[in-house]
Amino acid sequence: MAYTHTLAGNIHRFEDLKSLLAKATPQRSGDQLAGIGADSEEQRMAAKYALADLPLQTFLHQPVVPYEEDEVTRLIIDSHDASAFTKVAHLTVGDFRDWLLSNSTTGEILSALAPGLTPEMVAAVSKLMRNQDLILVARKCRVITQFRNTIGLPGRLAVRLQPNHPTDDIRGIAASMLDGLLYGCGDAMIGINPASDNINVLTSLVAMMADVIEHYEIPTQSCVLTHVTNTLRMIEAGAPVDLVFQSVAGTEKANASFGINLALLREAHDAALSLNRGTVGSNVMYFETGQGSALSAGAHHGVDQQTCEARGYAVARAFNPFLTNTVVGFIGPEYLYDGRQIIRAGLEDHFCGKLLGLPLGCDVCYTNHAETDSDDMDSLMTLLGTAGVNFTMGVPGADDIMLNYQSTSFHDALYLREVLGLRHAPEFEDWLQRIGLLDTSGRLLPAKLRHPLLGGMHVASP
Amino acid sequence: MNSITPPDPWTELRTHTNARIALGRSGASLPTTELLRFGVAHAQARDAVHLPFDACAIQQNLLANGFETIEVESAAVDRATYLRRPDFGRRLSMRSRELLTSIETSASDVLFVVGDGLSSKAVHRNAQALLLELRPRMEVAGLRIGPVVLAHQARVALGDEIGELLRTRLVVMLLGERPGLSSSDSLGAYLTWTPHVGRSDAERNCVSNIRSDGLAVTEAAAKIAWLITAANQLEATGVRLKDESETASIPAPVGQAHILPS
């Protein structure tokens, strides 16, 4: 069905719902690359007007990717909670924005609503919002998850420690890991992106992290970010796997390009649950996403990259993840051109994820061929901190020497905690205090030479 | 530069990794020395992306070493377009397509294309040395190599169209990789059997991180030559062609890692 809107005497016509969504999106190099972005600023505004008038119900009857062709659409439609949706069923997208921003719409109300929302609904309303709207509403949403500690509580920020090494050298990884712990990072998890996909190498990384966590009794969890089929093989072989990683996207075809489908994710979820390694909870999945992956796989069906991203959250949501991470600036400038587009995308992703009930964190990051730098990253992480993001990344010196991109550092986490008064996950905070790295006000203490975590250094020295 | 920030007591850990660890801190933030070090690395990486491709210098050197060369450009007219439109970087400009169509060159077994990619610095530093290492290996294997094609604003798949027009059995695209802070001069080599427009990345093999502090040129040449020979036997590149040029990396030891393994 086509939509029209007249603006300044010009009639703007939009072929169908996905075209309307794409044209209403803030300017984005990926949508231009796909040839679906707005042709003019006036057309973009006309699309926003037409979108604002659209009843939310529309999204339940007009899937942007056909139900018959796509298992992600089937998941979205079949798992939609009609009774949760009742509260907003009478609203248009424009009214929905006002309702979300209203003071009487509390976090409790939004949590109850989440199963009644579809990715397309939240993507649509995000397109009408300014950055401050995205922050205000996301800040109300609390999504709390647990494994060996508790992530997502108000006033808390967790950090994923990412101690990568270009050749998976176990000493190099252990050294970066200690560095992160000594700076108070690692409560979200300790997660390694391996260079190898050799099962023996992966298993040795899993075992090393389990060993450290157990030895120092750290209330955290580990993950090796390898293909879900590799993790399944490790679980079958008895490796001490905490969280299962997988990249996910918003269409069946994009997921197929990752070598996954919903059935495989279900199998992995069941396998991880069977290990029962959590102590305070059983959220066992770790997902990564990022705008542009569906387009990059030639699997976007003409749907804009932000809506595709929100559909990826529906995939993640089905498996009650411990963490979901939007790796916002990783793919490159053909999807998000500059700091402005990366900042906007990071806030949209966080908003959409939280509204859908996901424990969203963000890898605030960039590549060197994008028009951006660490000043833009400072802006985005500060904005996400105010928006209540569940976690950010901790990479030594913000420079990942394996993936060749820049993320946020251990120091960045110290900065965010300092300016926004954010504390660690409670169990991890207790541990840091117990081990003498944190004072009672939550500020990092200088580590002493004889600190227990440094005990092994002398073994390593010649 | 002197620093008023005391060093971290674990600077010794730096012997185990090039990662930016044990940086110390000024309050919550980076000490000035480390902030500036990061700035330099970022500046070098940025410059590598925007450094113009000096095809002329490479051409002269190659000619002096007895290579034939052809210069082409992709459909991306400038760097800004190149970065936004990877699809343009994968196709030849009209002018270059006409050039390659009109050119009289005999069919080859292997065609080398040298493209700027995301780091001309990588190409300037490594491409010629790599070609000089590769040529004798091709001769020994009895493979006919075509003229070296120098390509401006090139993505990997540009080699497909070039290889198709110049009728080669296998194209090797040498391309500057996306620069990281620790490595702004890294060259990648992409091998594609019977190149033609529409080949997918799953149909290629890649040898990456070719640079003095990474995979050295001699080792890279050996690996690429091994892959070329294997591709000729298999008559394919891509997922079916596994790199078995050396034994797989040895798994790291397991256990007792809570103290750094010695």
Side-chain angles (χ1 to χ4, degrees), chain A residues 29 32-33 163-176 178-179 182-183 196 198 200-201 203-205 207-208 211-212 215-216 332-334 337 367-369 373-374 396-401 404-406 411 414-415 417-418 444 446-449 451 454-457 459-461, chain B residues 6 8-10 12-23 25-30 34-35 37-39 41-42 44-46 48-50 80 83-87 118-119 177-184 186 200 209 214 248-262:
Chain A
S29 54
Q32 291 171 300
L33 177 62
N164 295 345
H165 188 278
T167 59
D168 295 333
D169 181 273
I170 209 146
R171 286 186 197 85
I173 287 173
S176 292
L178 281 183
D179 191 56
L182 288 162
Y183 284 124
S196 170
N198 176 304
N200 289 332
V201 173
T203 305
S204 70
L205 296 177
M208 184 270 276
D211 204 16
V212 172
H215 182 82
Y216 292 108
E334 60 266 45
Y337 188 69
T367 60
N368 290 309
H369 58 312
D373 58 21
S374 29
D399 171 20
D400 191 302
I401 59 170
N404 278 340
Y405 80 126
Q406 286 78 251
H411 293 73
L414 293 175
Y415 149 79
R417 295 189 198 292
E418 186 77 32
L444 196 70
K448 300 212 169 56
L449 184 59
H451 193 275
L454 292 171
M457 274 179 59
V459 177
S461 307
Chain B
D8 285 328
W10 61 92
E12 201 178 315
L13 288 178
R14 287 206 207 180
T15 55
H16 299 293
T17 177
N18 289 326
R20 289 167 200 269
I21 62 169
L23 301 182
R25 56 188 176 95
S26 301
S29 306
L30 280 179
E34 292 299 337
L35 181 68
R37 272 187 63 218
F38 183 93
H42 184 241
Q44 288 171 341
R46 293 287 293 154
V49 171
H50 294 281
L83 292 174
R84 273 198 181 85
R85 298 296 303 262
D87 48 340
L118 285 165
S119 168
E177 290 175 352
R178 134 180 161 175
L181 289 197
S182 316
S183 57
S184 56
S186 196
S200 83
N209 198 28
S249 60
I250 299 149
V254 178
Q256 298 308 309
H258 53 82
I259 45 177
L260 278 169
S262 48

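Note that the structure is a prediction, hence the values are computed from the model and not measured. By convention in this document, chain letters (A, B, ...) are assigned in the order of the sequence lines, proteins followed by strands, and residues within each chain are numbered from 1. All heavy atoms count here, side chains included; hydrogens, waters and symmetry mates do not.
Both the backbone and the side chain of Leu444(A) come within less than 4.5 Å of a heavy atom in chain B. Contact of His369(A) with chain B is made through backbone and side chain together, with heavy-atom distances under 4.5 Å. Contact annotation for Asn209(B): neither backbone nor side-chain heavy atoms come within less than 4.5 Å of a heavy atom of chain A. Proximity to chain A involves both the backbone and the side chain of Leu23(B), based on heavy atoms less than 4.5 angstrom apart. Residue Ser182(B) touches chain A through both its backbone and its side chain, counting heavy-atom pairs closer than 4.5 Å. Neither the backbone nor the side chain of Thr167(A) comes within contact range of chain B; no heavy atoms are under 4.5 Å apart.
Of all non-hydrogen atoms in Arg14(B) and Ala22(B), the two that sit nearest each other are NH2-O, 2.9 Å.
Checking side-chain atoms of Ser119(B) against main-chain N and O of Ser184(B) turns up a donor-acceptor pair under 3.5 Å. Put simply, the side chain of Asp168(A) gets close to the backbone of Ser196(A): a donor and an acceptor are under 3.5 Å apart.
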(request) Any chance you could lay out the side-chain contact (heavy atoms from CB on, under 4.5 Å) test for Leu83(B) and His50(B), step after step, and finish with the verdict? (result) CA-CA 10 Å; Leu83(B) 292 174; His50(B) 294 281; 4.0 Å; yes
(message) Evaluate Ile21(B) against Leu178(A) for side-chain contact (heavy atoms from CB on, under 4.5 Å), listing each step before the verdict.
(response) CA-CA 9 Å; Ile21(B) 62 169; Leu178(A) 281 183; over 6 Å; no
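In terms of heavy-atom pairs under 4.5 Å with chain A, the best-connected choice from Leu118(B), Leu181(B), Val49(B), Thr17(B) is Leu181(B). Of all the listed residues (Thr367(A), Asp400(A), Ile173(A)), the one sharing the greatest number of non-hydrogen pairs under 4.5 Å with chain B is Thr367(A). Between chain B and the residues Pro333(A), Ser374(A), Ser29(A), Ala398(A), the largest count of heavy-atom pairs under 4.5 Å involves Pro333(A).
Checked by atom type, the side-chain pair Gln406(A)/Asn368(A) shows a donor-acceptor distance below 3.5 Å.
Taking the six-membered ring where the residue is Trp, Trp10(B) and Tyr183(A) present perpendicular rings, their angle passing 60° and hence far from 30°.
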